[in-house]
Amino acid sequence: NINFCTHYDWNVTWYTAHPDLTQCFQHTVLVWFPCFYLWVCAPFYCLYLRFYDNGRISLSSLCCAKTIFVSTCLSCLMVFCPVLLVCFGFLKLPMTSILTEIHCLQILAVLLIHLERLRGFRSSVFLFLFWTLAVICSLVPLRANIQAIIDEVCAFPNPCPVEDASFLSKVLFWWYGRLAVKGYRSPLQAEDLWSLREEDTSEKIICDLEKEWAKQESALNGAQALGYKLSEQTQLLRKLHKEQISGFCLLRTLAKNFGPYFLTGTLCLVIQDAFMFSIPQVLSLLLGFVRDEDAPLWKGYLFAFLMFLLSCLQSLFNHQYMYACFTVGMRVKTAVMGLVYRKSLVINSAARRTCTVGEIVNLVSADTQKLMDFVVYFNAVWVAPIEIALCLFFLWQRLGPSALAGIATVILIFPLNGFIAKMRSKLQEVQMKYMDGRIKLMNEILSGIKILKFYAWENAFRERVLGYREKELNALKKSQILYSISIASFNSSTFLIAFAMFGVYVLIDEKHVLDAQKVFVSMALINILKAPLSQLPFAMSTTMQVSSKYLNAYVFIFLKKLLKITLFFFYIDGVVIDNGTFSWSKDSTPCLRRINVKVQRGSLVAVVGHVGSGKSSLLSAMLGEMEKKSGHITGSVAYVPQQAWIQNATLKDNILFGRERKDSWYQKVLEACALLPDLEILPARDATEIGEKGLNLSGGQKQRASLARAVYRKADVYLLDDPLSAVDAHVGQHIFEKVIGPNGVLKNKTRVLVTHGLSFLPQADLILVMEDGEITEMGSYAELLSRKNTFADFVKAFSVSERKESATNRGNGDMGSASIQTMEAISDTEQEQDQEEVGRLTQADKAHTGRVKLEMYVEYFRTIGLAFIIPVIFLYAFQQAASLAYNYWLSLWADDPVVNGTQVGTDLKLGVFGALGFAQGIAIFGTTVAISLGGIIASRHLHLDLLNNVLHSPMSFFESTPSGNLLNRFSKEIDAIDCMIPDGLKMMLGYMFKLLEVCIIVLMATPFAGVIILPLTLLYAFIQSFYVATSCQLRRLESVSRSPIYTHFNETVQGAGVIRAFGEQSRFILLANSRVDHNQTSYFPRFVATRWLAVNLEFLGNLLVLAAAILSVMGRATLSPGIVGLAVSHSLQVTGILSWIVRAWTDVENNIVSVERVKEYAETTKEAPWAIEDSPLPSDWPKSGSIGFQEYGLQYRRGLDWALKEISLSVNEREKVGIVGRTGAGKSSLALGIFRILEAAKGKIFIDGINIAEIGLHELRSRITIIPQDPVLFSGSLRMNLDPFDGYTDEEVWRALELARLKNFVSGLPDKLNHECSEGGENLSLGQRQLVCLARALLRKTKILVLDEATAAVDLETDNLIQSTIRTQFEDCTVLTIAHRLNTIMDYTRVIVMDRGHITEMDSPTNLISQRGQFYQMCREAGLV
């Protein structure tokens, strides 16, 4: 019956570096071999012993005892051991029979020993061999078990101690203590934290959740399927209903998964409530004891200890409930993040236009927090009303119908706060909308920062960000003022309810007397009432936010937008599309119509057409990225997008893309994709880290890396979206021959190539000609020429120019817009460094260590201003003085003697009580408003400083800082400064003054309590110092581990199409899981720390209750019931006050870390000033456009080789200069130098005789223009993208569009100039974006124009039109062209040939050709001479 042995796996034993025997072999052969020996040989041995008699060896009493003991042990083992092992899951049932037989064998061995003793045998070779065999055969399983334990320890190097904690340790959170001590001794590091428990890991949570979610969705869809016969109107109503209930679908799924554990917490809450309501009853008994002089003393001590015990139990159950809530909250956060990430992997372009990266980042940062709040406060929705009802019931018992006055007060407070909560909820939605807009805009600014710097547009975008920020802060200010009214009414609620009840009680009947029991038991009950009253509105508002539109819109409808991608039809014989009509979304008009394509397996298909004709859309349709009627896919796909998507990883990782490295194939791919020359330039060859979105690679390098990734994949079908546009013509030719063409490495694969290069078309098996989303012609090159249609005319017109540029210079590199790191040759010192260090570019987000420096607090309060802070302190002191006065007044009232059944002067007492209470309420409102407004002032300043610091940073800063780090500062950290710090300060100051009041009252009643208060204070300081040190570091570690989540989300959404096409979703999901889990490893100890602290501090607080009660019992002869009631009822509040102070203090300290992280970028290096005051620059500078370089030298970093060496050159006005050279020759460095993106290391540049280093950056950059290689657009109107400062009239804008050949396209759009561009301009084709960049240059019309391969992404016809536009429109200007196609500069006045940072040749093209130098060689290779 041993069914766990099916076959032998030689990979475990022989073909491995760590040989082992299979489990099956260990549990059968190794067990049976000694047994077999004993069972087979035992009969023969017994026979031998029968004939051998050497006298009997006598048995001693010790030997008998040992024998009986061993036999008993073996019998017990034989019976119980297998049963226990099976029960605990250590053993499978088939193996129990093996164990039983082993025990039988051991009994047999014992019997043989005795038989030998009877026959006079002193030593036995037979049994010696058996025991030796048994030991040898058991060594292998022993080694395997030890290895398994080691592997388990390695897998979980620092397991969570709660797993092995005892019951008491779990209840009191002692298991956390070791981490607190470690954090106190030295700042915690990430490796000190525990690994997550399995049930808290993303893998486990999301796996369970997806199963449940699938059930919910299928049930929902099943219900909807019945509606197919209904009318359209009914179906529309059904659809709306479905969208509404789909919101609750996720909540229901979360409830099913996390509900059971949450319910155990809820049970703790119910028990805690029972203890909480018992305490006022015991207080009543204690006050009765103080009043009754004849009561025996032991009763007083009993009541005192009982009160202490109940307080402790209440505290323990409360924190078990909170622990359960936060654990569930953490799991919910993991679940939602995981689901959003998985959905962002299937986000299509249509959805991308409505859900931007900024929104997704906000969703996983701010909105998951709302869900966590919902988990913590959900129970308050039903528990709070029950608590309120119980409080009022006990108050009715004390004060009779007067308690109804308290109910009336509660009923008045409630609608007010309900109304405020509703108003705040709306304001929060407004605030979140503007915050989303701000984060989205920041994300775009960080993505397109290079363009902003080239065009000097930082101020325009800064104003846009500040516009969003101002609206966000206005909403926040209104919300905070409303919140202050809410807080004032809550904090005064104790007084208001007491005032109403006591007032009605004494006024309705003169005989009603307020004694200590009535007053202070009622006050204790009212204090209990405060908690549910304060929680209920917050709980309702949080629940409404989660269940109403607020989070539904975010999480659930957001999930609806992310359409499921069904991939396309790639049959075994290639690609087939039959009468396909495609659109980007269900509602939009089709952008591809009547598409009929059949691509044979292994053929090369070229797709050609004008800009915007639908070529890229056709590939997207094949990938299944568009809405379509039907289709499916078989076989693997590799996709090269038109704009290369490059990960923030090493070049090698970008090419391998999750696959194993096979050296021979890898080298072949690098060679075919022309990447070997680039490796020579990169600091650490293929181990060089590439910045986000390929920041430190040129356009051509990015495209080749993207192509290499596809080629390395060895897929069946290749979809290539114009991969040759960004590379030089000769590199393009090389790639076509070595990769795409009939003799390339992909010759047997199916290839669909979008191209503008005519020279490649004769080698294509099939050509598709596209126009306005339709295939107008189809056939081979010869067939299409013979038909003499549009295609033939087009080829005829452009074949000459195409032929001329078909093979440009072999060495003319495509370092288009290469920046900082790219061309760094490694200096001698750096060559010795580790290659990994040399190649590193981005800086990981670092956590500061130790307590927050005092300067951060000073910095924060300095931004608020002293004028605000002093009145706040005075208001707090006044507020607490009023509170102390009205409480003391109550105790005096309670001790007032009763004369003829009544108390004297009740009206006056009530009047004073009321006046003091109302004064306190006004002071509370004043303090909360002041702190909120101060917080807003501080956050406005800090955000402005952060924005200015980031925008003033040089390009090198953005290349080495991941955008996730910056987005984290602008979203989570600014959010913490906006709300968390002011809220923490309100709470901390409020409770500190309250604690002071309690201490004064207890000392007034029992001065001897000072002896207890002092050591308690020292203990308190000791415990909280442990907590604050650890908690602060945990908060920092959590912040730091959050940034990579955002960066990864950001990168994934950008490259979702590529990830899907390559089928790499599961690998990216694992990466996301590990990042989320890493973040939760620091979040989990953070909330455990709070519980650990609260349990310890509340125990100290309960000791104060015990002290106050016992001292009151001891001094009952001298103390009045009023003062005892005042002291004990106030000491009961201490437990809560103490933990709230530390929690608030820690919240402030934790969140002041945000100030520290925001201020971090104030210290980074900044670029030169944007403008210089009293600048001597004429308003019409540059007038002529002459440029002079004087021994100009440029370095990318100190210690690196010179990128430009002693360049001396003068460019005359109106001169047209072409710059050519090999990859890394310094062509782009020249452009970067002119725009001062990089500052000169030596020498000077003069424009119109003015040294550009002496003028402001904006003064320089706004007066010269560049058309960059990467066309970047920002979300906003088309007009804003052309003219963000609104400096030109509409006529001028239309004129620029007309010259850029965009007028017809824009006038055809519904909103014309106000056409909304999506994030990154994704709703325009790459060619159209390039034309928008040309229109920008035409609009600025400066005297100097720099062109950086500006027409790479447009077809030849458009290219020719653009070239002629530049020649005519910029005739009066100085034009510098970094040339990739030599034919475009043959009519220029001068050509500069560069090599390794030097100018090697410089003259007119004709003269250079006649000199037969380097340029001549290039032209000869290009067929131009």
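Note that these values count all heavy atoms, side chains included, but never hydrogens, waters or copies made by symmetry.
- The salt bridge (Lys or Arg N to Asp or Glu O under 4.0 Å) test with Asp978 is passed by exactly one of Arg469, Arg940, Arg438: Arg469.
- Counting non-hydrogen atoms of other residues, nucleotides and ligands closer than 6.0 Å to CZ of Phe868 gives a total above 12.
- Ring geometry for Tyr1161 versus Phe957: interplanar angle over 60°, hence perpendicular rather than tilted (30 to 60°).
- Minimum heavy-atom separation, Leu951 to Glu1167: O-OE2, 3.8 Å.
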Under the side chain to side chain contact (heavy atoms under 4.5 Å, CB included) criterion, do Leu1034 and Leu188 qualify, and how do the steps go? CA-CA 7 Å; Leu1034 286 170; Leu188 288 174; 4.0 Å; yes
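- For the pair Arg424 and Tyr483, the cation-pi criterion (under 6.0 Å, within 45° of the ring axis) is fulfilled.
- Remark: side-chain polar atoms of Ser479 are not paired, donor with acceptor, to backbone N or O of Ala475 under 3.5 angstrom.
- The pair Lys426-Glu429 does not meet the salt-bridge criterion, since no charged nitrogen lies less than 4.0 angstrom from a carboxylate oxygen.
- Checked by atom type and distance alone, the side chain of Ser883 never pairs as donor or acceptor with a backbone atom of Gln879 at under 3.5 Å.
- Aromatic ring centres of Phe918 and Phe495 lie closer together than 6.0 Å.
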Between Lys986 and Asp983, is a salt bridge (charged side-chain N to carboxylate O under 4.0 Å, His left out) present by the stated rule, with each step listed? CA-CA 5 Å; Lys986 282 177 212 169; Asp983 287 353; 3.4 Å; yes
Taking it one step at a time, do Phe878 and Phe874 satisfy ring pair (Phe, Tyr, Trp, His ring centres under 6.0 Å)? CA-CA 6 Å; Phe878 174 72; Phe874 275 117; over 10 Å; no
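- A cation-pi arrangement is found for Lys333 relative to Tyr1083, the charged atom lying closer than 6.0 Å to the ring centre and inside a 45° cone about the ring normal.
- Lys994 and Glu997 are joined by a salt bridge, as a carboxylate oxygen and a charged side-chain nitrogen come within less than 4.0 angstrom of each other.
- Just one of Trp1092, Tyr1020, Tyr184 meets the ring pair (Phe, Tyr, Trp, His ring centres under 6.0 Å) condition when paired with Phe1026; it is Tyr184.
- Atom CD1 in Ile977 sits 11.5 Å away from atom CE in Met980 (nearest 0.5 Å).
- A distance-only check finds a donor-acceptor pair linking the side chain of Asn968 to the backbone of Ser1039 [under 3.5 Å].
- Using a distance-only test at 3.5 Å, with no hydrogens or angles considered, no donor-acceptor pair links the side chain of Ser492 to the main chain of Ser489.
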